[in-house]
2 protein chains.
Amino acid sequence: MITRTQVEQAQTRAAQMLAKAGITITLVERQTIEVADFGLGELEKTGLQLVEYINTDRYCAKELILFPRQTCPEHRHPTIAGSPGKMETFRCRWGHVWLYVAGEPSAMRKGRPPVGSEAYYTVFHEIVLYPGEQYTIPSDTLHWFQAGDQGAIVSEFSSPSHDESDFFTDPRIRRIPEII
Amino acid sequence: MITRTQVEQAQTRAAQMLAKAGITITLVERQTIEVADFGLGELEKTGLQLVEYINTDRYCAKELILFPRQTCPEHRHPTIAGSPGKMETFRCRWGHVWLYVAGEPSAMRKGRPPVGSEAYYTVFHEIVLYPGEQYTIPSDTLHWFQAGDQGAIVSEFSSPSHDESDFFTDPRIRRIPEII
C-alpha cells in the first residue's frame, strides 16, 4: 500500500528526473505517472515509476524512471492463453542501470537485492546499461533491475503489456498499486 | 541515388542534432544511421534519417531525425500476406513536426509538399506535434510529415517494420537507398 502523498512526491521526483534528462512529457502524462510500490511499502528500495506512452494490441512503449538504487523486483511475463508473454527491450537514456537475467552469475556484481528480500532474487547474470545501450528480454524469462547511484531513465519498447499478468518471484508482491 | 559523401554528411548532421537533443546513441548506431533519400536525389527536401533501435517479429522502435523542412513523403503500410500493415506511434522529442493524414484538409497549413512533387501529396489533415506530443497512425493509412524550421526528432514506436513493402503515392520513389 502507498499513500496519495507518497505517490505525489514520487511523481514530482520522477518528473524532475525526466526534465533533467531533457525528456518532455505532457501535463496529462505528468499527472498520471504511475508509481508502483509492488505492495511492499518500501518504494525507495523496491519500486518503479512509469510513463506509458502507448499500449495497443500490437506494441507498447514506456519510459521507466528509477530513483537511485531503486529496484524493479524479479519477474517474468508468462504465456497467457497461448499467446507468448511480453518481449521487451530496455534502452538506457540517462544514468545507468544494472539488469539481471538467467545465466552464469556475474562475479563482483554492482547491484544488490533489497535487504530483507534476498530470498526472492534468483538470477544474477549482470548486464550494465549506460545511455544508448540496450538489451532485449525474451518472453517468460526472469529478470530484475536496479538503478545506479544517480537513478536511471530507461525506455521500454515491447510487445503489448499486460502488467496484471506478470509473475513475480516474491509472492508478497502486488503489481497493481493500492493507493490509500 | 545518393553518394557516400552525402550519406556521411547527413549522418554527421543527424548525430549533431541527436546530441543537441540529449539523445545518446552508440558508436555503431552512429556509424549506421540510415539516410533515406527515397531515390529522388533531393535529400534536403525529401528525405529522412533513421536510427533503428530494435525491429523484431513483435515490435519495432526507431528514432527519426528530420532536417529543417525536410519531408518524409506520403505513404502507407499495406497488409502483407494477410498480416495487417505497420501501425505506428510518432512521439515528438525535439523541434516540431507537421503530420498529415486523411480527413478534412486543414486551413492555413504550415507544411508544404516539396516543390515539384505536389501531385503526389493527397492527404492534408494537419496534426502538429511539439515535444511530448504524439499521434498514432493505423495500418494501411496514408500519411506524410515535414519538420519545422529547426528540424525535428521523433520517436517511432510500432508493430514490426517492413520498409521494403511501404507503398508511396509518388511512383518515382525507391524506399531502400541506393548509394553510389
Side-chain angles (χ1 to χ4, degrees), chain A residues 15 17-33 51-63 77 79 83-97 129-140 152-161, chain B residues 15 17-33 51-63 77 79 83-97 129-140 152-161:
Chain A
M17 287 177 64
L18 287 168
K20 194 169 169 183
I23 296 172
T24 305
I25 59 173
T26 63
L27 185 58
V28 170
E29 288 170 339
R30 162 68 183 82
Q31 292 167 338
T32 55
I33 293 173
V51 179
E52 184 176 276
Y53 291 147
I54 184 83
N55 186 21
T56 75
D57 61 351
R58 302 187 68 187
Y59 57 87
C60 178
K62 304 178 183 183
E63 216 76 76
H77 307 287
T79 299
S83 293
K86 187 168 73 155
M87 173 181 178
E88 56 196 7
T89 300
F90 294 123
R91 183 177 178 90
C92 184
R93 298 290 198 166
W94 186 88
H96 63 276
V97 67
L129 298 179
Y130 278 87
E133 297 176 331
Q134 64 183 41
Y135 190 84
T136 296
I137 309 278
S139 65
D140 210 359
I153 297 175
V154 176
S155 292
E156 180 188 294
F157 315 125
S158 75
S159 57
S161 185
Chain B
M17 287 178 63
L18 287 167
K20 195 170 168 182
I23 296 172
T24 305
I25 59 173
T26 63
L27 185 58
V28 170
E29 288 170 338
R30 163 69 184 82
Q31 291 167 339
T32 55
I33 294 174
V51 179
E52 184 176 276
Y53 291 148
I54 183 83
N55 186 21
T56 74
D57 60 353
R58 301 188 68 187
Y59 57 87
C60 177
K62 304 178 182 183
E63 216 75 78
H77 308 286
T79 299
S83 293
K86 187 169 72 156
M87 174 182 178
E88 56 195 8
T89 300
F90 294 123
R91 183 177 178 91
C92 184
R93 297 290 198 165
W94 186 89
H96 63 277
V97 68
L129 298 178
Y130 278 86
E133 297 176 329
Q134 65 183 41
Y135 189 84
T136 297
I137 310 279
S139 66
D140 210 358
I153 297 175
V154 176
S155 291
E156 180 188 294
F157 314 125
S158 75
S159 57
S161 186

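Naming convention: chains lettered A, B, ... in sequence-line order (proteins, then strands); numbering from 1 in each chain.
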Go through [options] and name the one with the most non-hydrogen pairs under 4.5 angstrom from chain B.
options	answer
P131(A), P160(A), S158(A)	S158(A)
A21(A), P84(A), C92(A), S155(A)	P84(A)
G22(A), A61(A), C60(A)	A61(A)

Test side-chain contact (heavy atoms from CB on, under 4.5 Å) on T24(B) and Y130(A) and set out the steps.
CA-CA 9 Å; T24(B) 305; Y130(A) 278 87; over 6 Å; no

Per-residue contact mode, E63(A) against chain B (heavy atom under 4.5 angstrom):
side chain

Student check: side-chain heavy atoms of E88(A) and I54(B) closer than 4.5 Å
no

Between R58(A) and G85(B), which heavy-atom pair has the shortest distance, and what is it?
NH1-O, 2.7 Å

Can you classify the ring geometry of F157(A) versus F157(B) as parallel (below 30°), tilted (30 to 60°) or perpendicular (above 60°)?
tilted

Of all of E133(B), R91(B), E29(B), which one pairs up most often with chain A through heavy atoms under 4.5 Å apart?
R91(B)

Separation between CE of M87(B) and CG of D57(A), rounded to the nearest 0.5 Å
6.5 Å

